[in-house]
Enquirer: 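One structure follows; several queries about it will come next.
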Amino acid sequence: MKQKLELTWAGKDEPLLVEPRILLYDEKNSHGAQNMGNLLIHGDNLLALKALEAKYAGQAKCVYIDPPYNTQSAFTFYDDNFEHSLWLSMMKKRIEIIGKLLSEEGSLWISIDDNERDYLKIMCDEVFGRNRFITSISWQSRYSRSNDAIFSISHNYILIYAINPDKWKVIRNRLERTPEQAKQYKNPDNDPNGPWRAIPWDAPNIRPNLTYPITNPKGIVKLPPAGRCWSRTKEQWDEIVNSGMAYFGKNGDGAPSYKAYLRDAPKIVPNTWWSHEEAGHTDEAKKEIVSLFGKKSVFDTPKPERLIQRVLEIATNPGDLVLDSFLGSGTTAAVAHKMNRRYIGIEMGDHAYTHCKVRLDKVIDGEDSGGITKAVNWQGGGGYRFYELAPTLIKLDSFGEPVISEEYDADRLAAAVALNEGYVYQPDSSAFWKQARGSEKSWLFTTTRTITAAYLDSIAQDLGEGEFLTIAATSFAPELAKAYKNITLRLIPQMLLKKCTFGVDNYNLPIVDPPKVEDDEELREEGGYDDET
């Protein structure tokens, strides 16, 4: 029997059981245009991620998360003092669902520090497969030195995974040159084509047809250095000379090279060291937060907008979907909005209202002048829809029996039961009992009333030839369960609890979207909602 190398911890193999929840549209707290496909969700991110899975599986182009680092220290807005194994279990459950939400061209970026970096890497290797690991970015999060530390910590990490590394290598974006990198190109001879730099004409791998004499302006004949050859053919060198791109050094007596112009230079391949000059630092991030919320409302570990901008520049294009399930102060959503990406942000704390919402509202209203605003010429606009994670569907009454929570109205209950049973919630306008469709002639009807013989007979009369109906109800007489071959009766709490008992983890519930409005067709085209919701 082959044994595998793995990381183990207490609770690692516990099944992923997530109770069914619905995301409830909150019109009051939504802001701006509602058809942009942007969502801000308040609630536990594990439950919210599962709720998103049915509609958004395979759609996220980039997931960036900045989870608690388990640093054993107190933070103002969240508890970062998880016991080690609990932290790993918490992360594993969320990473597993995130993997299902990523598209074939998608990538996962996780900010982390030394406390859990290596354990997180091994755990992600198990969840995704080591072949999907891309690299580990070292980000210079601090530029000052801590003289009271054993070692002054200057950087944090970003782990990167891709669903399809070979495809991602092709589709991921290169970066624009920074002003510092552009300084490599100069124009000492006032070339009308602009700044340039000299590229040597010699290359490795000796080939007979790439060894030929080249005469420089001083009349000196040059051959390739020992063990090398010219990079291209004689005919190609002649083209370089005729175009005025040949260069032999400042005095005209050097080895042959050619001019490569800045205007023609491709974007650069990202590297694994991100300096604070290029990607910002923690002090910059805190100043951004202070400018938005004041000094009394500063997060301990915010990320600068320039850092998230660089992630999204590499991993996404305008219109792509970005997900952050540890939204914190809302940085990822704010940057995605300014960069014209769609986004879903999830935050469970009250700062979903006090920080995330406030920040996004300012971005939309053109009142956020900080961060990357000037760099991307953001002027305001757009919008998002706000969702609340619904309360638990099943609770215990005073006798310890499972009952439906009174906080669920008829529509929410029907939507929850529908997707939990594998149906599409799609109420029919002509028949009240056609609430959800399973197939062309299969339907689901959810009701809180007691099913009587007369009520069942009235529904049966409306069933067409070959149609089948499942009725989910709170109560019915046992003898009615077999009254009709094409009608199945089931009790709502038991039908949900049965799946929990047997460890089935497919509790994907739909998003209950806002009522359809006159510009419904426009919303569909923009991705606001679809027929399956």
Side-chain angles (χ1 to χ4, degrees), residues 23 25-42 45 48 52 56 59-66 101 106-107 109 111 173 279-280 284-285 287-289 291-293 299 302-347 351-387 511 514 522-523 525-529:
L23 299 176
Y25 173 65
D26 184 345
E27 183 178 11
K28 178 182 177 182
N29 283 300
S30 298
H31 193 74
Q34 299 297 285
N35 62 341
M36 306 303 294
N38 302 321
L39 311 181
L40 177 56
I41 301 169
H42 177 225
N45 59 9
L52 290 169
Y56 289 94
Q59 293 192 38
K61 187 70 170 296
C62 172
V63 176
Y64 170 83
I65 56 174
D66 183 19
L101 295 172
S107 57
W109 304 61
S111 282
N173 298 315
E284 177 180 315
K287 289 177 181 177
E288 291 172 355
I289 296 298
S291 68
L292 289 166
F293 308 112
F299 271 67
K303 296 298 180 288
E305 290 198 4
R306 284 197 293 157
L307 176 68
I308 307 303
Q309 179 188 22
R310 170 163 284 213
V311 171
L312 300 189
E313 282 177 342
I314 297 170
T316 67
N317 296 303
D320 286 340
L321 180 62
V322 178
L323 169 66
D324 186 345
S325 53
F326 292 89
L327 192 56
S329 62
T331 305
T332 301
V335 172
H337 198 108
K338 294 176 185 179
M339 294 179 67
N340 296 310
R341 273 64 168 171
R342 294 180 297 128
Y343 57 86
I344 299 175
I346 305 171
E347 183 52 53
H351 43 288
Y353 291 94
T354 60
H355 290 75
C356 301
K357 173 176 168 51
V358 171
R359 184 173 195 167
L360 286 173
D361 290 355
K362 290 184 177 181
V363 171
I364 293 166
D365 296 340
E367 298 174 358
D368 175 11
S369 59
I372 65 168
T373 296
K374 292 182 180 179
V376 299
N377 192 30
W378 177 250
Q379 302 292 325
Y384 64 89
R385 283 187 283 170
F386 195 100
Y387 286 89
I511 295 175
E522 179 184 351
L523 285 174
E525 293 175 358
E526 294 292 334
Y529 48 75

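The chain is numbered in sequence order, starting from 1.
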Enquirer: Distance-only, no hydrogens or angles: does the Glu347 side chain make a donor-acceptor pair with backbone N or O of Gly328 under 3.5 Å?
Expert: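 Checked: pair present.
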
Enquirer: For the residue pair Tyr384 / Asp361, report whether a side-chain donor-acceptor contact shorter than 3.5 Å exists.
Expert: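 There is such a pair (donor and acceptor under 3.5 Å, judged by atom type) between the side chains of Asp361 and Tyr384.
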
Enquirer: Side chains of Thr316 and Val322: does their closest heavy-atom pair fall under 4.5 Å?
Expert: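 In contact.
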
Enquirer: For Glu313, is there any backbone N or O sitting under 3.5 Å from a side-chain donor or acceptor partner on Asn173?
Expert: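 Yes; judged by distance alone, with no hydrogens or angles, the pair exists.
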
Enquirer: Taking Phe386's backbone N and O only, do any of them form a donor-acceptor pair with Asp26's side chain (distance below 3.5 Å, no angle check)?
Expert: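 Judged by distance alone, no pair lies under 3.5 Å.
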
Enquirer: Go through Gln59 and Leu101 one step at a time and tell me if the side-chain contact (heavy atoms from CB on, under 4.5 Å) criterion holds.
Expert: CA-CA 6 Å; Gln59 293 192 38; Leu101 295 172; over 6 Å; no

Enquirer: Indicate the atoms forming the closest heavy-atom contact of Pro304 with Glu284, along with that distance.
Expert: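 The pair with the smallest heavy-atom distance is CB-OE2, 3.9 Å.
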
Enquirer: Using the rule given for side-chain contact (heavy atoms from CB on, under 4.5 Å), can you reason through Thr332 versus Ile65, listing the C-alpha separation, both sets of side-chain angles and the distance that settles it, and then say yes or no?
Expert: CA-CA 9 Å; Thr332 301; Ile65 56 174; over 6 Å; no

Enquirer: Crowded around Glu367 CD? As in, over 12 foreign heavy atoms under 6.0 Å?
Expert: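 Yes, CD of Glu367 has more than 12 neighbouring heavy atoms, counting only those of other groups under 6.0 Å.
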
Enquirer: Does any donor atom in the side chain of Ser107 or Trp109 lie under 3.5 Å from an acceptor atom in the other side chain?
Expert: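 Yes, a side-chain donor-acceptor pair sits under 3.5 Å.
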
Enquirer: Would the distance check show the side chain of Arg341 and the main-chain N or O of Leu321 forming a donor-acceptor pair, the cut-off being under 3.5 Å?
Expert: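 No: the side chain of Arg341 does not pair with the backbone of Leu321.
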
Enquirer: Could you check whether any side-chain N or O of Asn45 sits under 3.5 Å from a backbone N or O of Ser325, counting only pairs where one atom can act as donor and the other as acceptor?
Expert: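 Checked: pair present.
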
Enquirer: side-chain contact (heavy atoms from CB on, under 4.5 Å) with Ile372: which residues, sequence neighbours excluded?
Expert: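 In terms of side-chain contact (heavy atoms from CB on, under 4.5 Å), with neighbours along the sequence ignored, Ile372 is linked to Glu305, Arg306, Gln309, Val335, Lys338, Met339, Val376.
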
Enquirer: Taking the side chain as every heavy atom from C-beta outward, state whether Leu327 and Ile346 have any atom pair closer than 4.5 Å.
Expert: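 Leu327 vs Ile346: side chains apart.
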
Enquirer: Indicate yes or no: at least one non-hydrogen side-chain atom of Thr331 is less than 4.5 angstrom from one of Leu307.
Expert: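 Of all side-chain heavy-atom pairs linking Leu307 with Thr331, none is under 4.5 Å.
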
Enquirer: Can you tell if the side chain of Cys62 reaches within under 4.5 Å of the side chain of Leu312, non-hydrogen atoms only?
Expert: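 Answer yes - side chains close enough.
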
Enquirer: Look at the aromatic rings of His337 and Trp378 and report parallel, tilted or perpendicular, splitting at 30° and 60°.
Expert: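 Taking Trp378 first and then His337, their aromatic rings stand perpendicular (interplane angle over 60°).
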
Enquirer: Quiz question: by atom type and distance under 3.5 Å, do the side chains of His31 and Asp365 form a donor-acceptor pair?
Expert: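 Yes, because at least one side-chain N or O of His31 sits under 3.5 Å from a partner of the opposite role on Asp365.
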
Enquirer: For the residue pair Lys303 and Tyr64, confirm or rule out a side-chain donor-acceptor distance under 3.5 Å.
Expert: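 Lys303 vs Tyr64: no donor-acceptor pair found between side chains.
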
Enquirer: Looking only at heavy atoms, what is the nearest atom pair of Ala352 and His42, with distance?
Expert: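 Heavy atoms of Ala352 and His42 come nearest at CB-CD2, 3.6 Å.
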
Enquirer: What is the minimum heavy-atom distance between Ile364 and Gly382, and which atoms define it?
Expert: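 The pair with the smallest heavy-atom distance is CG2-O, 3.3 Å.
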
Enquirer: Quick one: closest heavy-atom pair of Gly383 and Asn38, and the distance?
Expert: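 The answer is O-ND2, 2.9 Å.
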
Enquirer: Going from CG on Leu39 to CG on Leu23, what distance comes out if it is rounded to the nearest 0.5 angstrom?
Expert: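 Leu39 atom CG to Leu23 atom CG measures 8.0 Å (nearest 0.5 Å).
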
Enquirer: Of all the heavy-atom pairs spanning Thr354 and Val358, show the shortest one and how long it is.
Expert: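 So the two residues come closest at O-CG2, 3.5 Å.
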
Enquirer: If you compare all heavy atoms of Asp66 against all heavy atoms of Ser111, which two are closest, and at what distance to 0.1 Å?
Expert: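 For Asp66 and Ser111, the tightest heavy-atom pair comes out as OD1-CB, 3.5 Å.
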
Enquirer: Quick one: does any side-chain atom of Gln34 pair with a main-chain N or O of Gly32 as donor and acceptor, under 3.5 Å?
Expert: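 Yes: the side chain of Gln34 pairs with the backbone of Gly32.
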
Enquirer: Rounded to the nearest 0.5 Å, how far does CG of Leu323 lie from CD1 of Ile41?
Expert: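 Here the rounded value is 8.0 Å.
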
Enquirer: Mind checking whether His351 and His355 have parallel, tilted or perpendicular rings, split at 30° and 60°?
Expert: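 Judged by the thresholds at 30° and 60°, the geometry between His351 and His355 is perpendicular.
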
Enquirer: Give the C-alpha distance, both sets of side-chain angles, the deciding distance and a yes or no for side chain to side chain donor-acceptor pair (under 3.5 Å) between Arg385 and Ser30.
Expert: CA-CA 5 Å; Arg385 283 187 283 170; Ser30 298; over 6 Å; no

Enquirer: In plain terms, say whether Asp320 and Lys61 are close enough for a salt bridge, that is, a side-chain N and a carboxylate O under 4.0 Å apart.
Expert: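 Between Lys61 and Asp320 there is a salt bridge, with a charged N closer than 4.0 Å to a carboxylate O.
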
